[in-house]
Amino acid sequence: MRKFLLCILTLSSLFVAAQSPLPWDLSRLRETPRTYPADSCQVTGFRSFFYEGLPYKSNPTRVFAYYKTPAGTPPPGGWPAVICVHGGGGTAFPAWVQAWVDHGFAAIAMDLEGHLPSGSHPNRPAHAYGGPPRITTFGDIELAKEEQWFYHAVADVSRAMSLLRSFPEIDPQRIGIHGISWGGVITSAVIGIDDRLAFAIPVYGCGYLYQTTAPGFKIHFDAMTPRQLATYKQQWDPSVYLKNSQAPVLWVTGTNDPAFPLDIWQQSVLTGQGPRLQSLTITSKHGHQWEQPEIFAFARQAIKDTAALPKFTLAADDDGQLAIILPPGHEAARAVMCYTTDTTSWQRKQWLTVPATVQGTKVKAAVPAGTTAFFFNITGKDSLTYSSLVNPVVYRRK
């Protein structure tokens, strides 16, 4: 056991050393931040407080947060926990924390834009210790890195991990992260710089943003000078860090997400190095939605650290149909092939479904004529639905 622990410590040290050129000082992120009482925005049953962020223009910063644990005595080793990372226009949502608590996890949600969680966007009140604001999409790229919003947002999330690990009621080895939209972008970066995560669930948000065709993002990258764009690619895009990630990841999105097109989303899925699952639905809905049952089921499986995540293998069947081969122990109750014949942008494609046949550990269907892309959605006997990769896989760009 001692030899095993020494090996783990050595690997951790190598991880930190290998990341020395990062914008962040990882030793600072791993320090336990101080906490301060919050006099406003109290919610019954929740602990609300500020925790210490990184300095901004030589001034201290603080991050507002809600925190709660399940009722009763913690299990042996402590409660599993999750960090809830909001998207644009979001804040520290107590309802999000409660959703995780209802599923047996402690949870912390913070406001990453220097606001208090009262009122509605864009009229939430700022507090005196907020860091830099988010200026459009990396509109602060010309500032010193320590003055840019993304630098602080990633640091604040990693320091929330350090804070949770310091709580005696929390199991430090079973802490995950759940980020939505911009929170998914932040999550996609954090999982590559913080090797303490037990699992990660980025929703919508991903890396390779500079390749996006979504107008709301593309306009900002098109406006960058070549030097600014090079700085972004080297310093801030989550793809830079995803290649270092080892944590199990559940990637969640919709086929027609208006902000994060399916091509850059799947390219991000393929860049991560740890075990992965996908949950892809035919929808264009985008918002702070956190009630998908697959999310909580994935987290429970990840913290058990026992069975491997199911891996869906695509193969051609003898009858000419395409088949997904299920791993041992994974039983499908039903499945569909989702397909499109469109050649337009990912946001505008129309997706249709045809039933797939379930034959033991094999799910198969004939590809409809004219199909330009397809994937399988496989629903298990537990009523949870996970997805295969979108094929043909054309997203690895040189």
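Owing to the predicted nature of the structure, the values given are computational and were not obtained by experimental measurement.
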Examine distances only and state if a side-chain atom of Gln42 and a backbone atom of Ala38 form a donor-acceptor pair shorter than 3.5 Å. yes
Between Arg334 (side chain) and Pro355 (backbone), is there a donor-acceptor pair under 3.5 Å? no
Tyr241 ring center near Trp24 ring center (under 6.0 Å): yes
Carefully, step by step, assess Leu389 and Leu270 under the rule side chain to side chain contact (heavy atoms under 4.5 Å, CB included). CA-CA 9 Å; Leu389 289 170; Leu270 294 171; 3.8 Å; yes
Tell me whether the centres of the aromatic rings in Phe167 and Tyr67 are closer together than 6.0 Å. yes
Nearest heavy atoms of Ala107 and Val97, plus distance in Å: O-CG1, 3.6 Å
Give a yes or no answer on whether the side chain of Asp342 reaches the backbone of Gln350 with a donor-acceptor pair at less than 3.5 Å. yes
Would Ser279 and Glu294 count as having a side-chain donor-acceptor pair, cut-off 3.5 Å? no
Quick one: does any side-chain atom of Gln148 pair with a main-chain N or O of Leu143 as donor and acceptor, under 3.5 Å? yes
Quick one: do Trp149 and Phe138 satisfy ring pair (Phe, Tyr, Trp, His ring centres under 6.0 Å)? Show the steps, please. CA-CA 8 Å; Trp149 174 78; Phe138 297 95; 7.5 Å; no
Single-linkage hydrophobic cluster Val63~Val43, side-chain heavy atoms < 4.5 angstrom: no
Using the benzene-type ring in the case of Trp, are the ring centres of Trp182 and His86 under 6.0 Å apart? no
Is any side-chain heavy atom of Val252 closer than 4.5 Å to one of Gln292? yes
Under 3.5 Å side-chain donor-acceptor pair for Ser162 and Arg196: yes
Would the Trp290 and Phe93 ring centres measure less than 6.0 Å apart? yes
Ile325 with Val358, same ILVMFWY side-chain cluster at under 4.5 Å: no
Polar side chain donor-acceptor pair, Thr379 to Thr385, under 3.5 angstrom: yes
Does Val154 offer a backbone N or O that forms a donor-acceptor pair with the side chain of Ser158 under 3.5 Å? no
Could you check whether Tyr210 and Trp236 have their ring centres less than 6.0 Å apart? no
Flag for His286-Ser181: side-chain donor and acceptor within less than 3.5 Å: yes
Partners passing side-chain contact (heavy atoms from CB on, under 4.5 Å) against Thr35 (at least two apart in sequence or in another chain): Arg47, Phe49, Tyr51, Leu163
Closer than 3.5 angstrom, by distance alone: can the side chain of Thr281 be matched with the main-chain N or O of Thr283 as a donor-acceptor pair? no
Of all heavy-atom pairs between Leu280 and Ser387, which one has the smallest distance, and what is that distance? N-OG, 2.9 Å
Atom OG1 in Thr212, atom CD1 in Ile264: separation rounded to 0.5 Å? 4.0 Å
Quick check for you: to the nearest 0.5 Å, what is the distance between Thr340 atom OG1 and Ile282 atom CD1? 9.5 Å
Determine whether the aromatic ring centres of residues Phe217 and Phe260 are separated by less than 6.0 angstrom. yes
Are any side-chain N or O atoms of Asn256 and backbone N or O atoms of Lys349, one a donor and one an acceptor, separated by less than 3.5 Å? yes
Would you give the length of the straight line joining atom OG of Ser166 to atom CE of Met161, rounded to the nearest 0.5 angstrom? 12.0 Å
Give a yes or no on whether Ile135 and Tyr151 share a hydrophobic cluster (residues Ile, Leu, Val, Met, Phe, Trp, Tyr; joining criterion: side-chain heavy atoms under 4.5 Å apart). no
Looking at every non-hydrogen atom in both residues, tell me the closest pair between Ala302 and Ala198 and how far apart they are. CB-O, 4.2 Å
Looking at CG of Asp156 and CG of Leu54, how far apart are the two atoms once the value is rounded to the nearest 0.5 Å? 6.5 Å
Rounded distance (nearest 0.5 Å) linking atom CG of Asp194 with atom OG of Ser245: 12.0 Å
Heavy atoms only: give me the nearest Thr137-Gly216 pair and the separation to one decimal. OG1-O, 4.4 Å
Distance from Lys57 atom NZ to Glu147 atom CD, nearest 0.5 Å? 5.0 Å
Check against salt bridge (Lys or Arg N to Asp or Glu O under 4.0 Å), Glu52 and Arg62: CA-CA 5 Å; Glu52 182 183 28; Arg62 297 177 186 176; over 6 Å; no
Verdict with reasoning, Thr271 to Tyr208, per side chain to side chain contact (heavy atoms under 4.5 Å, CB included): CA-CA 10 Å; Thr271 300; Tyr208 299 99; 2.7 Å; yes
Would you please test Asp171 and Arg174 for salt bridge (Lys or Arg N to Asp or Glu O under 4.0 Å) and show each step? CA-CA 6 Å; Asp171 184 340; Arg174 298 195 297 165; 3.0 Å; yes
Cluster link Val367 to Leu314, ILVMFWY, side chain under 4.5 Å: yes
Working note: His178 + Trp100, criterion side chain to side chain contact (heavy atoms under 4.5 Å, CB included); need CA distance, chi angles, decisive distance, verdict. CA-CA 10 Å; His178 180 192; Trp100 279 103; 3.2 Å; yes
Which word best sums up how the rings of Phe312 and His330 line up, parallel for under 30°, tilted for 30 to 60°, or perpendicular for over 60°? perpendicular
Nearest heavy atoms of Pro117 and Cys41, plus distance in Å: CD-SG, 3.8 Å
Charged N to carboxylate O under 4.0 angstrom, Asp319 versus Lys364? yes
Just by distance, with hydrogens left out, do Lys68 and Gln98 show a side-chain donor and acceptor under 3.5 Å apart? yes
List the steps, then state whether side chain to side chain contact (heavy atoms under 4.5 Å, CB included) holds for Ile201 with Val249. CA-CA 6 Å; Ile201 306 168; Val249 182; over 6 Å; no
Dump the intermediate steps for salt bridge (Lys or Arg N to Asp or Glu O under 4.0 Å) on Lys362 and Asp317, then the final yes or no. CA-CA 9 Å; Lys362 185 185 295 183; Asp317 204 25; 2.8 Å; yes
Quick check: are there more than 12 heavy atoms from other residues, nucleotides or ligands sitting under 6.0 Å from CG of Leu352? yes
With a 6.0 Å cut-off on the ring centroids, do Phe64 and His127 count as close? no
Tell me if a side-chain donor or acceptor on His152 pairs with a main-chain N or O of Gly53 at a distance below 3.5 Å. no
What is the minimum heavy-atom distance between Glu113 and Gly88, and which atoms define it? OE2-CA, 4.5 Å
Ring centroid separation Tyr232 to Phe221 under 6.0 Å: yes
Ring centroids only, cut at 6.0 angstrom: are Tyr204 and Trp265 within range, meaning strictly under it? no
Give a yes or no on whether the backbone of Tyr386 and the side-chain of Gln278 come within a donor-acceptor separation of less than 3.5 Å. no
Check the pair Asp237, Lys233 against salt bridge (Lys or Arg N to Asp or Glu O under 4.0 Å), reporting the backbone distance first and the verdict last. CA-CA 5 Å; Asp237 193 80; Lys233 290 180 180 180; over 6 Å; no
In the single-linkage hydrophobic clustering (I, L, V, M, F, W, Y; side-chain heavy atoms under 4.5 Å), do Val101 and Ile177 co-cluster? no
